[in-house]
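Report on one structure; see the data block that follows.
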Amino acid sequence: MMRQFELVELVKSYDPKADEAALDRAYVYSMKAHGSQLRASGDPYFSHPVEVAGLLAQMKLDTASIITGLLHDTVEDTVATLDDIDRLFGPEIARLVDGVTKLSRIELQSDKTKQAENFRKLVLAMSEDIRVLLVKLADRLHNMRTLPFIKSDDKRRRIARETMDIYVPLAERIGMHRMKDELEDLAFQELHPDARASIIARLGFLRERGGDLVSRIIAEITQTLQEGGLAATVSGREKSPYSIWRKMQRKNISFEQLADVMAFRVLVDNASDCYQALGIIHSAYPVVPGRFKDYVSTPKPNNYRSLHTGVIGPERQRIEVQIRTRDMHEIAELGVAAHWIYKQQIGRVDGRQYRWLRELLEILEQASNPEEFLEHTKLEMFQDQVFVFTPKGDLIALPRGATPVDFAYAVHSEVGDTCVGAKINGRLLPLRTQLQNGDQVEVVTSRAQTPSPTWERFVVTGKARARIRRFIRTQQRTQYLDLGRAIVQKALRQQGHDFSERPLEAILTQFNCATVEDLYVAVGEGLATGREVANAAFPQPPEDKNKVVPLSRARRRGTGRDMAVPIRGLIPGMALHFAGCCHPLPGERIVGIVTTGKGVTIHTIDCDTLGSFADEPERWLDVAWSSDEADAGHIGRINVTIANEPGNLGSLTTTIGKQGGNITNLKITNRSTDFFEIMVDIEVGDVKHLSTIIAALRATPVINSVERARG
Ligand code: MN
């Protein structure tokens with residue numbers, strides 16, 4: 001285990017201004033916090049954060065990152081709290097430690113192989129600061145190095161697979177090649193130990209047979225370049241066992257068929273030397289077609305720059321050659337970590353698939369010094385998305401602002417249609433709650449539930465919105481159907497005919513309807529009047545036609561009760577609806593909104609919905625309640641919150657009853673352990689009546705809040 005002074009000396013070797021006192025404090029704090037905890041290896045737990053800090057120091061990271069490495073498991077695994085960290089080490093360290101802790105909490109929730117891409121995005125989205133990700137990678141690397149100590153086969157394999165699926169690609173994407181190679185090899189060793197062993201054995205056999213082939217090829221290439229007038233450093237290695245295995249898998253070939261298992265690297269001083277070296281090599285050895293790639297002029301998305309080529313090289317060996325400058329090499333090996341050390345100009349990056357990386361590199365480019373770089377590198381990636389878990393650990397990506405209702409519809413339409421509540425991280429919360437990255441969401445469903453029009457106001461996904469709208473449309477059709485049938489029945493009765501559907505069937509074509517039901521819907525929507533239908537079904541002598549049949553009676557939506565149209569200013573025959581958003585009551589100022597083919601909808605003058613019609617004054621209809629209107633039968637809607645205690649519901653209904661209100665509908669819209677949210681529809685005479693009831697409810701001690709529903 002690295003000693004305190006060794007760590008401090010290592011940091012000071014590349015950052016002489018490092019805050020030594022803070023490093024010392026963090027070292028001691030972590031040691032005390034982890035106390036006598038042990039690792040699976042039997043080592044003191046504290047050795048782990050120290051090794052992680054050491055890895056970060058090898059990457060030459062700033063003091064804050066090293067301290068975060070030392071403290072990264074204290075909040076999750078010891079009695080230390082984030083407040084303690086904040087107080088002792090300041091808000092920056094606290095934020096970084098919090099970030100790493102959150103990443104640790106989402107780990108190993110399930111087998112995420114199938115959702116690796118989403119999970120990588122989640123990790124990136126939660127690593128708001130690049131340093132959080134770097135600490136997490138170092139943490140993972142040390143855990144992988146000590147993986148064999150874990151006793152459970154299952155757990156080892158799960159960690160290895162997660163490393164392969166999540167952390168190897170992440171390390172590669174941010175250009176940390178050295179780390180990527182090691183993570184990959186360690187995971188390979190756990191997942192396919194036999195394949196790895198056999199590839200290593202065969203590589204060993206080749207080495208033996210060819211003598212020191214790699215060294216001889218290095219010597220010859222170095223000399224060839226020298227003769228061409230170029231001083232270059234040449235190195236060579238066998239390809240990694242995993243990359244050989246991948247190639248055998250991908251191309252479905254045996255080890256013997258594998259052409260090149262050796263790769264050589266030529267390091268030169270500048271970019272033009274790269275091309276000169278390429279020219280010398282291409283003229284000295286036969287080129288393997290299709291292997292040349294120029295990542296110097298067109299860097300990879302992770303900013304990797306190098307020339308790649310394949311030749312039949314010295315001793316007729318097929319080899320791969322990579323040519324790059326020493327600076328390019330540093331970046332290739334250390335990735336983003338190299339950037340704030342060398343501060344060189346970064347090439348243009350084609351980040352079509354890696355928008356986040358381009359943004360990261362733009363930040364890197366704009367930072368004028370290492371400190372500023374770290375300060376401003378808040379990775380603003382996937383800010384438009386949020387990733388949440390199902391109870392089984394499946395990961396679901398949703399747009400930012402998504403709610404449990406969006407989640408429910410994303411899981412299954414049925415789940416969406418019947419959801420009544422949601423547990424977020426085990427707590428029952430309102431359906432309109434906005435989900436956060438990493439939340440675990442469990443939807444509570446009830447067969448009795450149907451989509452609520454109010455959901456439409458907070459859902460953000462197209463799927464949820466479309467389903468809710470479709471449901472409302474279907475429901476509306478049913479309402480229009482009932483309304484239309486009642487209007488037609490009444491019109492026929494008023495003209496002295498018995499109601500029967502047979503005469504209606506004869507006139508369907510006249511109204512462009514396929515079925516009698518369609519005809520009712522058309523009447524309900526106001527496309528045809530009841531009188532028109534009655535007249536068509538039973539043609540009248542002329543004198544009777546002039547007899548005015550006032551269509552002054554309409555059926556109120558949903559109540560199923562006939563009543564006089566209480567509104568002045570309407571166009572006769574026009575279908576009338578009371579808006580479900582604001583539930584207008586007599587005595588209130590109202591306004592009508594005309595929808596062609598649908599009739600007029602009455603809103604209260606202060607209804608939020610009206611804003612959407614502001615640009616269409618031609619649709620506004622000046623209406624008022626008839627002065628003689630005194631009947632009951634208007635529905636006022638209120639939302640009540642009451643404490644979830646026995647008898648409270650009784651107090652609610654009793655209070656309403658005492659004030660002469662008749663409850664027509666009562667629905668619990670949200671139920672938690674502490675409170676109920678209840679929507680109550682009350683039949684009242686007018687707005688004053690409802691105000692009296694609200695006042696009475698507010699005076700009742702067990703009732704927390706009462707609001708008139710306003711849309
Ligand atoms: Mn750890």
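None of the values given here were measured: they were computed from a predicted structure. Counting starts at 1 for both ligands and their atoms, in listed order.
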Listing by chain and number, which protein N, O or S atoms are under 2.8 Å from the Mn ion (ligand 1)?
H48 NE2, H72 NE2, D73 OD2, D139 OD1
What do you reckon, are the aromatic ring centroids of F46 and Y27 less than 6.0 Å apart?
yes
Does the plane of the ring in H308 sit parallel, tilted or perpendicular to the ring in Y304? Use 30° and 60° as the thresholds.
perpendicular
Evaluate the criterion side-chain hydrogen bond (donor to acceptor under 3.5 Å, both in side chains) for residue pair Q440 and E442; output intermediate values, then yes/no.
CA-CA 7 Å; Q440 197 205 51; E442 185 186 343; over 6 Å; no
Output, in order, the C-alpha distance, side-chain angles, deciding distance and verdict of side-chain contact (heavy atoms from CB on, under 4.5 Å) for C419 and L431.
CA-CA 9 Å; C419 70; L431 284 173; 4.3 Å; yes
Can you see which heavy atom on V444 is nearest to which on L428, and at what distance?
CG2-CD1, 4.2 Å
Selection residues 37-54 - residue pairs positive for side-chain hydrogen bond (donor to acceptor under 3.5 Å, both in side chains), sequence neighbours left out:
H34-Q37, R39-N143, R39-T146, S41-D43, Y45-D73, Y45-D77, H48-H72, H48-D73, H48-D139, H48-H142
